[in-house]
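Reading through the structure tokens given below for one structure.
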Amino acid sequence: MLIVQNPTGRAMATCCSSSLLVLPNFRSNSNQKSSFKVRAQISGDNKKTTPIEHANNNGSVPVTKTVQNQKGSNEVNGKLKSQKKFVSDEIELLWDDGYGSKSVKDYFAAAKEILKSDGGPPRWFSPIDCGRPVEDAPTLLFLPGLDGTGMGLVPHHKALGKAFHVWCLHIPVHDRTPFEGLVKVVEDVLKQEQATRPNKPIYLVGDSFGGCLALAVAARNRSLDLVLILVNPATSFEKSPLQPLLPILEMVPEDLHFTVPYVLSFIMGDPIKMATLGIDNQLPASIKMEKLRQRLTKTMLPLLSDLGEIIPRETLLWKLKLLRSGAAYANSRIHAVQAEVLVLASGKDMMLPSQEEAKRLHGILKNCKVRCFKDNGHTLLLEDSISLLTVIKGTCKYRRSWRYDFVSDFLPPSKGELDYALNETLGLLRTAVSSVFLSTMEDGRIVKGLAGVPGEGPVLLVGYHMLMGLELGPMSEAFIKEKNILFRGMAHPILYTEMDSEKNFDYADWIKVFGAYPVTATNLFKLLSSKSHVLLYPGGAREALHYRGEQYKLFWPDQQEFVRMAARFGATIVPFGTVGEDDIAELVLDYNDLMKIPVLNDYISKVVGDPGRFKLRDESSGEVANQQLYLPGLIPKIPGRFYYLFGKPIETKGRPELVKDKVEANRVYLEAKAEVEKNIAYLLKKREEDPYRNILDRLNYGLTHTANDVPSFEP
């Protein structure tokens, strides 16, 4: 019998294998009675084979393998009888991912608590903080670093728990299971998961030493659908700057071992980044510095002594030997890895040459992406950075079946992700352009705001693509904040290519977090069928990377396919115009200019490669088919303002003739195009009446007014 305490405090009895047990309940950040619940499975040679069973909403272990899901469909042995559901149906826009609510202090509290009942062989536990994931969620197994506690995901539990069934490996302090034994521990669970849910990918998140373990397991199980997320993997241990210190550590006497954790803590992680996790970046600088000082002096330094309990002297020496053998084992088999791999590398890792190792792995592994975090140390997952789930989403690594579906597997952005994107990624642009939004009602009136844009989908937004797509960020923010709508934008395929082994998590990743997807007819079909708001730029890259003197000129193709697709689903077409690119920068070097410069000519050709790889309109001719990709040369101006006007909606519902009648569809197409041109002309004329078009005037207004929104012209 397994005794599980549910949230109400009542004990529940569940029949299960004697190889299952429950680790003590605890709450790491409270003085109240411990209530953090985990369930565990012992692994070892004498264990019985018991599949991991995922928790019900009350934290209990289900008795059977047939589960009635919240949508009403049955799941039997991992196979859904009903059609695949959209993740976005279960997670609301701007949900709370909890990132930043837990810190290193919570990690130490959780690690100390789990050590109280330590002993026995390695085991798996599932933190109740993770909650209940979305329907049909895959399993994520966390393989810890040298500490072995399995608590390295504490700041990420809530976020990951929405998307995955999370299980963490705990290796007790006094356990001496060799590396190959740990490989078998992980393999046993993989086989059980595969037998129970054969059509699901299994995620292995390997932190440092855990990265060696993940690679070794993947090399030995090539037929399994695995996704490896390697965080500063220790496969480069032989090149570690710590190598000269290892013999010295062995000679440190037991009574002086208490000094070792203090030394290692500054090598393994960035104390500043650890202490910063959870401090609001939008606080005034003086308050932020005071909070940081208090955390460093009153929290971080006292906690470092706990490392001696987490990794005693004999355990540390054993773990270092284990690390050396694990790195050698993984490297000897690394060419056999067939799994999908994402490597996260810190730029200030003083324990391992992680960025160099990421570059090496990128060259060896067949399906590998890399993201670098230049300001972080070795303990990336415990430092102030970006949520692990955000990184998984931004690199398109989240999937619930054999391949990623840009529509059904899309996870809506959280409130924390929106705040980070607006303040850290778009902060300067948002402040500089102070965007003005107008829309057209059904009776033709132009009003401030987005009231004229339909709130119910499907809606197809079609308009002018400003230089380098600068209009996207402010436009997405306005739709989210004013209408609680996240539109899905079609993006150029080059944004989904991975050629860089030193790529940071950047703007191209953030637009994927906020719904961008490759421009294909299939994706447009899926999104309109799901009644989404979809953003489409018929002019595509030709407009966004136009030449000098071509601002505000439309380069639309001759085909009217988006009209016919919209009509198929009765979508409302909303044409819109945007202006303002010429108010923030002057285009001085376009593609033709750059190609006349020998060095830049070679660089552009190398980066873009064969243009045929990205030819989106095989049937198009003329200027729209001329989609040369390049980075334009710009000279900044004193910023003006961005203006948006959404025209009168064009209804296609109840007009089935548009699907087959190309002549009628073309008429609607030309109507939409003319509306976009009219909106642009309107904005170019009306912005001359804006008394606050210049940023200096807006700054002066801000000094004398408390309102956040700076006024503009009257429509």
Side-chain angles (χ1 to χ4, degrees), residues 28-29 96-111 129 142 145 147 151-160 205 207-208 229 231-232 264-304 306-307 344-352 354-355 371-395 413-428 504-507 509-510 513:
S28 59
N29 61 346
D96 178 15
D97 62 8
Y99 186 67
S101 62
K102 296 291 181 71
S103 65
V104 178
K105 180 180 180 181
D106 299 287
Y107 159 77
F108 277 104
D129 271 359
F142 175 62
D147 67 306
M151 291 297 179
L153 289 180
V154 163
H156 309 270
H157 281 167
K158 186 172 182 179
L160 291 175
V205 177
D207 184 14
S208 188
I229 301 173
V231 185
N232 296 321
L264 289 181
S265 64
F266 288 93
I267 296 175
M268 294 179 66
D270 184 336
I272 303 295
K273 282 286 185 180
M274 287 184 180
T276 305
L277 179 59
I279 297 179
D280 187 357
N281 265 340
Q282 299 310 302
L283 291 173
S286 58
I287 298 178
K288 282 176 61 178
M289 291 301 297
E290 176 61 22
K291 284 182 174 289
L292 180 59
R293 185 191 66 79
Q294 291 182 5
R295 286 197 176 189
L296 284 171
T297 57
K298 297 182 180 180
T299 302
M300 286 294 297
L301 290 177
L303 286 175
L304 294 181
D306 295 339
L307 278 176
L344 309 183
S346 294
K348 295 183 178 179
D349 190 342
M350 298 178 65
M351 182 175 177
L352 297 169
S354 291
Q355 284 197 312
R371 290 296 180 272
C372 296
F373 298 84
K374 61 180 181 179
D375 296 324
N376 288 93
H378 185 69
T379 53
L380 175 61
L381 296 176
L382 293 175
E383 297 177 13
D384 184 33
S385 181
I386 301 172
S387 165
L388 179 57
L389 182 61
T390 303
V391 178
I392 293 173
K393 292 161 59 178
T395 52
S414 66
K415 177 65 165 58
E417 288 169 338
L418 177 65
D419 291 341
Y420 187 98
L422 295 182
N423 297 321
E424 304 297 329
T425 306
L426 296 173
L428 185 60
N504 297 324
F505 193 86
D506 56 19
Y507 181 77
D509 296 313
W510 276 108
V513 172

Asp506 meets the side chain to side chain donor-acceptor pair (under 3.5 Å) criterion, sequence neighbours left out, with Lys503
field: Test item: Ser346 side-chain N/O and Gly377 main-chain N/O as donor-acceptor pair under 3.5 Å
entry: yes
Rounded to the nearest 0.5 Å, the CG atom of Leu382 sits from the OH atom of Tyr107 at a distance of 6.5 Å
Tightest non-hydrogen contact, residues Ser101 and Asp106, listed as O-OD2, 4.2 Å
message = Less than 4.5 Å apart, side chain to side chain, heavy atoms only: is that true for His378 and Ser208?
response = yes
Rounded to the nearest 0.5 angstrom, the CG-CG distance for Leu428 and Asn423 is 12.5 Å
Could you go through the side-chain contact (heavy atoms from CB on, under 4.5 Å) check for Leu381 and Asp207 one step at a time?
CA-CA 8 Å; Leu381 296 176; Asp207 184 14; 4.2 Å; yes
Heavy atoms of Cys372 and Gln355 approach each other most closely as CB-NE2, 3.3 Å
| request: Determine whether Tyr420 and Val513 make a side-chain contact, defined as any pair of heavy atoms from C-beta on separated by less than 4.5 Å. | output: no
Taken in chain and number order and not counting sequence neighbours, the residues that satisfy side chain to side chain donor-acceptor pair (under 3.5 Å) with Asn504 are none
ask   = Are any of the side-chain heavy atoms of Lys158 and Asp96 separated by less than 4.5 Å?
value = yes
Going by the angle between their ring planes, with limits at 30° and 60°, are Trp510 and Phe505 parallel, tilted or perpendicular?
perpendicular
| request: Decide side-chain contact (heavy atoms from CB on, under 4.5 Å) for Leu344 and Arg371; before the verdict, give the C-alpha distance in whole Å, the side-chain angles of both, and the deciding distance to 0.1 Å. | output: CA-CA 5 Å; Leu344 309 183; Arg371 290 296 180 272; 4.0 Å; yes
Rounded to the nearest 0.5 angstrom, the CG-CG distance for Asn376 and Asn232 is 8.5 Å
Tightest non-hydrogen contact, residues Val154 and Ala110, listed as CG2-CB, 4.3 Å
One should read off an interatomic distance between His157 NE2 and Leu388 CG, to the nearest 0.5 angstrom, of 11.0 Å
One should read off an interatomic distance between Tyr99 OH and Leu160 CG, to the nearest 0.5 angstrom, of 11.0 Å
Rounded to the nearest 0.5 angstrom, the OG-CD1 distance for Ser387 and Ile392 is 8.0 Å
Residues Asp509 and Gly394: closest non-hydrogen pair is OD1-O, 3.2 Å
